[in-house]
Amino acid sequence: MPVTFANPDGVHAPGSRYSHAALVEGPHRRLVMSGQIGVRPDGSVAPGGEAQIAQALANLGAILAAHGMGPANIVKMGVFLTDRALIGPWRAEREKFLGTLAPTSTLLIVAGLADPRFVFEVEAEAVA
């Protein structure tokens with residue numbers, strides 16, 4: 001199956017050697033997305049946990065849209081929080097983003113992320 005790696009417009013440039021998405025094409029298309037953080041397309045970090053969560057989900061939305069998909073195509077999410085206090089804000093933003101959809105999901109509380117400014121990261125896989 002052919003795999004296409006992508007860094008679509010509307011998402012910040014990768015911070016190191018990775019792609020924001022990998023599209024696997026065959027009878028069905030499978031899109032594997034790198035962890036998204038609260039970094040805006042201009043490279044600035046959104047201020048605070050809730051803003052980072054919203055921006056990371058906006059990044060996921062941009063990647064999905066660039067591949068002709070939307071939140072309804074998500075089948076798996078992995079979420080990383082550095083503070084348990086962000087569970088409520090995460091769930092609220094998740095509901096705004098997914099509505100009543102309930103893809104498979106993993107939520108982890110971690111000691112830190114790649115940059116100490118980051119407090120939230122979400123990765124996802126989608127199928128169309």
Side-chain angles (χ1 to χ4, degrees):
M1 280 191 267
V3 178
T4 304
F5 294 97
N7 294 301
D9 292 336
V11 181
H12 62 90
S16 66
R17 184 180 287 246
Y18 67 90
S19 298
H20 283 297
L23 180 63
V24 179
E25 297 193 70
H28 296 285
R29 296 181 316 133
R30 176 178 175 221
L31 179 65
V32 180
M33 293 168 276
S34 288
Q36 296 300 306
I37 50 179
V39 175
R40 299 177 182 120
D42 68 4
S44 64
V45 178
E50 291 183 38
Q52 287 190 30
I53 292 167
Q55 183 60 56
L57 289 174
N59 294 345
L60 274 186
I63 294 167
L64 287 162
H67 292 89
M69 297 184 198
N73 295 99
I74 294 174
V75 296
K76 169 74 173 130
M77 296 181 92
V79 176
F80 306 88
L81 299 169
T82 62
D83 183 349
R84 287 183 192 285
L86 292 173
I87 292 174
W90 155 242
R91 289 179 175 159
E93 288 296 322
R94 178 187 62 193
E95 187 171 329
K96 286 182 204 173
F97 186 71
L98 294 176
T100 60
L101 299 172
T104 63
S105 183
T106 301
L107 171 64
L108 299 170
I109 308 300
V110 297
L113 297 169
D115 183 309
R117 297 175 296 168
F118 306 153
V119 298
F120 175 83
E121 187 165 348
V122 59
E123 61 186 14
E125 293 190 35
V127 175

For [X] and [Y], which heavy atoms make the closest approach, and how far apart are they?
{"X": "Pro47", "Y": "Ala51", "value": "O-CB, 3.2 Å"}
{"X": "Ala72", "Y": "Leu101", "value": "CA-CD1, 3.2 Å"}
{"X": "Asn59", "Y": "Gly10", "value": "OD1-O, 4.3 Å"}
{"X": "Pro103", "Y": "Leu98", "value": "CD-CD1, 3.7 Å"}
{"X": "Leu86", "Y": "Gly49", "value": "CD2-CA, 3.8 Å"}
{"X": "Pro8", "Y": "His67", "value": "CG-CE1, 4.5 Å"}

Working to the nearest 0.5 Å, report the span between [atom1] of [X] and [atom2] of [Y].
{"X": "Arg91", "Y": "Ile53", "atom1": "CZ", "atom2": "CD1", "result": "11.5 Å"}
{"X": "Arg30", "Y": "Glu125", "atom1": "CZ", "atom2": "CD", "result": "4.0 Å"}
{"X": "Leu57", "Y": "Gln36", "atom1": "CG", "atom2": "CD", "result": "10.0 Å"}
{"X": "Phe97", "Y": "Leu64", "atom1": "CZ", "atom2": "CG", "result": "5.5 Å"}

Partners passing side-chain hydrogen bond (donor to acceptor under 3.5 Å, both in side chains) against Asp9 (at least two apart in sequence or in another chain)
none

Can you find a heavy atom in the side chain of [X] that is under 4.5 Å from one in the side chain of [Y]?
{"X": "Met77", "Y": "Leu60", "value": "yes"}
{"X": "Thr106", "Y": "Lys76", "value": "yes"}
{"X": "Met33", "Y": "Val11", "value": "no"}
{"X": "Gln55", "Y": "Gln52", "value": "no"}
{"X": "Val39", "Y": "Phe118", "value": "yes"}
{"X": "Arg117", "Y": "Ile37", "value": "no"}
{"X": "Phe120", "Y": "Asp83", "value": "no"}
{"X": "Ile87", "Y": "Ile109", "value": "yes"}

Have a look at Leu81 and tell me which of Leu108, Val122, Val110, Leu107 forms a side-chain contact (heavy atoms from CB on, under 4.5 Å) with it.
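Per the side-chain contact (heavy atoms from CB on, under 4.5 Å) rule, the option paired with Leu81 is Leu107, out of Leu108, Val122, Val110, Leu107.
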
Considering the options Thr4, Val24, Ile63, Val127, which one meets the side-chain contact (heavy atoms from CB on, under 4.5 Å) requirement together with Leu31?
Ile63

Between [X] (side chain only) and [Y] (backbone N and O only), is there a donor and an acceptor less than 3.5 Å apart?
{"X": "Ser34", "Y": "Ser19", "result": "yes"}
{"X": "Arg29", "Y": "Met69", "result": "no"}
{"X": "His12", "Y": "Val45", "result": "no"}

According to a 4.5 Å side-chain heavy-atom criterion applied to Ile, Leu, Val, Met, Phe, Trp and Tyr, with indirect links allowed, do Val3 and Leu23 form part of one hydrophobic cluster?
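Val3 and Leu23: separate clusters.
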
Ion pair present between Asp42 and Arg40, side-chain N to carboxylate O less than 4.0 angstrom?
no

Sequence neighbours left out, what passes salt bridge (charged side-chain N to carboxylate O under 4.0 Å, His left out) with Lys96? Give chain and number order.
Glu93

